[in-house]
**Student:** 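Provided herewith is a single structure, encoded as structure tokens, for subsequent inquiry.
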Amino acid sequence: MSGQDNALDIAVQQLDQVAERINLDPSIHRRLRRPARSYIVSVPIRLDNREVEVFEGYRVHHNTSRGPAKGGIRYHPDVTLAETTALAMWMTWKCAVVNIPYGGAKGGVACNTKVLSRGELQRLTRRYTSELINVFGPQTDIPAPDVYTNPQIMSWIMDTYSVSVGYAEPGVVTGKPIAVGGSLGRNEATSRGCIFTIYSLLRRLNRKVEDQTVAVQGYGNVGYHAAQIIHDDGAKVIAATDSKGGVFNPKGLDPRALARYKEENGSVVDYPGADSITNEELLEVDCSILIPAAMENQITQRNADRIKADIIAEGANGPTTPAADEVLFERGKYHLPDILANAGGVTVSYFEWVQGLERYFWTEEEVNSKLKGIMDRAFDEVWEMAQKEKVTMRMASYIVAVRRVTEAMLLRGLHP
Ligand code: NAD
């Protein structure tokens, strides 16, 4: 079984566990175990060498009881329908746990962006969008960036949709550049939200940010900004990796200099003045906070008993398997689950969508302070639930989220 199929098994298993715990109505449980709808599209494009290549793309809506489908688009060779479905399901819970009015969706194209030219990437994005032109829309389905997609790609999606409807429609996609209706603060929002949840936890534990040492797996959008924000607030970032490997310096790394080095050299590997470290070693580094911000299935039964950090904040989606969850819980780790810890991205995407629909834009201070309000409230609700029910923060987040989705489904009833 591939890691991607495994992600769906894990997502369903997590739902099954919470269903049992809260005595979920079996008819709701049965519906939530499956996506509402899934699209598979062929994406033919002309390559720079004039040959035509056909890529496979997906879009999955898991549940839209609480609002339009919302979720990122991933460009990665390992993208499958099963992985996209798992990610869509996690989006349903994520939007519910922070209580924003969206359902869960995800999309992707199985492709290797590292070998595609800018022109090829643009043609791929436009054709993928065209194939789903009747699916996407500001009231129906609003995509956003995910692994190996970025604001430029969102801009091409916005343009393709706008050309089709005949006017500029910023509300169809989030994570856009500011000049075409993006929101201030969106780029760093996932990381900022993750850091807010870490600070809420540190307050509960009476610990200071200045005393923390941090290791970050995945030095992309989420990992880099998280490192930079927590460094600016006084913590020491001592290790970081990307897909090629990583670096470690117990005296601390400079996150901005490291990002510049990655920009120039394509990786953080061999950054001067630091030791080399593998992705597996990074997870076991002696630090107080571990931020997995890369891919799924990184913390498993194999390495969970060797994790030294006592706070794990999931910037990535699905980095921990359920078996590893249990090990970490038994070891007394503070584990901030993905659907809570990385919900800052979709929260500011929600702000961007609202601003786009109203054509009225907010200051960065407004965005960040509204984000803080939502993240702090979500953390408190999940923390209280975890204490009351004596469960992991992940189970507590699921209880909050699944109850919200269930309430909406029961109130709306079953059509026809
Ligand atoms: P990105 O493409 O900007 O960065 C991904 C980083 O991970 C890159 O540095 C890449 O080199 C590295 N990487 C890839 N495979 C790796 C591996 N096997 N081991 C270590 N590093 C690896 O993507 P991103 O937007 O930062 O997303 C990272 C994670 O955060 C994903 O799980 C994504 O679903 C999740 N996430 C992203 C957002 C967002 O707003 N971008 C929101 C919520 C969750």
Side-chain angles (χ1 to χ4, degrees), residues 3-4 7 70-79 83-84 86-88 90-91 93-95 97-98 104 106-108 112-114 143-154 173-176 182-183 185-194 197 215-228 239-247 255 258-259 261-263 265-269 277-283 290-300 313-320 336-352 371 375:
Q4 289 65 40
K70 185 87 187 86
I73 293 175
R74 179 173 293 197
Y75 286 174
H76 192 282
D78 296 340
V79 163
E83 180 195 53
T84 310
L87 289 161
W90 286 326
M91 282 306 294
W93 314 137
K94 195 178 298 183
C95 295
V97 86
V98 288
K106 203 78 181 190
N112 182 357
T113 53
K114 290 176 185 167
D146 191 71
V147 176
Y148 297 136
T149 55
N150 55 31
Q152 175 61 73
I153 291 173
M154 300 307 111
V173 63
T174 60
K176 300 179 296 298
S183 175
R186 172 62 184 89
N187 238 358
E188 312 81 32
T190 305
S191 317
R192 197 174 294 284
C194 183
T197 62
V216 180
Q217 187 197 43
Y219 212 61
N221 180 27
V222 177
Y224 160 59
H225 287 113
Q228 178 230 305
T241 54
D242 58 33
S243 59
K244 298 189 177 128
V247 285
L258 186 60
Y261 179 87
K262 180 173 160 71
E263 182 74 35
N265 299 281
S267 169
V268 297
V269 171
I277 191 173
T278 65
N279 265 299
E280 291 73 39
E281 288 165 346
L282 177 128
L283 297 170
L290 172 64
I291 306 182
M295 304 297 285
E296 295 98 81
N297 290 334
Q298 301 299 308
I299 305 175
T300 67
E314 297 185 341
N317 286 310
T320 315
L336 301 169
D338 46 9
I339 60 168
L340 172 68
N342 69 37
V346 72
T347 301
V348 176
S349 273
Y350 164 56
F351 297 161
E352 179 178 334
L371 172 65
M375 295 306 299

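Read the numbers this way: they start at 1 and go in the same order the structure lists the ligands and their atoms. Worth knowing before you read on, the calculation uses all heavy atoms, side chains too, and leaves out hydrogens, waters and symmetry mates.
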**Student:** Could you check Asn265 against Tyr261 for side chain to side chain contact (heavy atoms under 4.5 Å, CB included), going step by step and ending with a plain yes or no?
**Tutor:** CA-CA 6 Å; Asn265 299 281; Tyr261 179 87; 3.2 Å; yes

**Student:** Check each atom of ligand 1 against the heavy atoms of Thr190 and keep those under 4.0 Å away; list them by number with element.
**Tutor:**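 Within the 4.0 Å cut-off of Thr190, ligand 1 contributes 38 (C), 39 (C), 40 (O), 42 (C), 43 (C).
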
**Student:** Would Ala294 count as being in polar contact with ligand 1, using the rule that some N or O on each side must be under 3.5 angstrom apart?
**Tutor:** yes

**Student:** Could you please spell out the steps behind the side-chain hydrogen bond (donor to acceptor under 3.5 Å, both in side chains) verdict for Ser349 and Arg186?
**Tutor:** CA-CA 7 Å; Ser349 273; Arg186 172 62 184 89; 2.9 Å; yes

**Student:** Which atoms of ligand 1 sit under 4.0 Å from any heavy atom of Asn279?
**Tutor:** 19 (N), 20 (C)

**Student:** How would you list, by chain and number, every residue that makes a side chain to side chain donor-acceptor pair (under 3.5 Å) with Asp338, sequence neighbours excluded?
**Tutor:**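 Expected list: Arg394.
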
**Student:** Lys262 heavy atoms, cut-off 4.0 Å: which ligand 1 atoms fall inside?
**Tutor:** 9 (O), 11 (O)

**Student:** If I take atom NE2 from residue His76 and atom CE from residue Met295, how far apart are they, to the nearest 0.5 angstrom?
**Tutor:** 4.0 Å

**Student:** Ser243 heavy atoms, cut-off 4.0 Å: which ligand 1 atoms fall inside?
**Tutor:**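 Under 4.0 Å from Ser243, ligand 1 has these atoms: 10 (C), 11 (O), 12 (C), 13 (N), 14 (C), 15 (N), 16 (C), 21 (N), 22 (C).
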
**Student:** Within the 4.0 Å heavy-atom shell around Asp242, which atoms of ligand 1 are there?
**Tutor:**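 Listed by number with element, the hits are 9 (O), 11 (O), 20 (C), 21 (N), 22 (C).
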
**Student:** I'd like to know whether ligand 1 has Arg186 as a neighbour, heavy-atom separation below 4.0 Å.
**Tutor:**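 Under 4.0 Å: yes for Arg186.
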
**Student:** I need the atoms of ligand 1 closer than 4.0 Å to a non-hydrogen atom of Tyr219, numbered in the order shown.
**Tutor:** 9 (O)

**Student:** Could you tell me whether some N/O pair between Asp146 and ligand 1 is separated by less than 3.5 angstrom?
**Tutor:** yes

**Student:** Counting from 1, what ligand 1 atoms have a heavy atom of Tyr148 closer than 4.0 Å?
**Tutor:**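 In order of number, 2 (O), 10 (C), 11 (O), 14 (C).
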
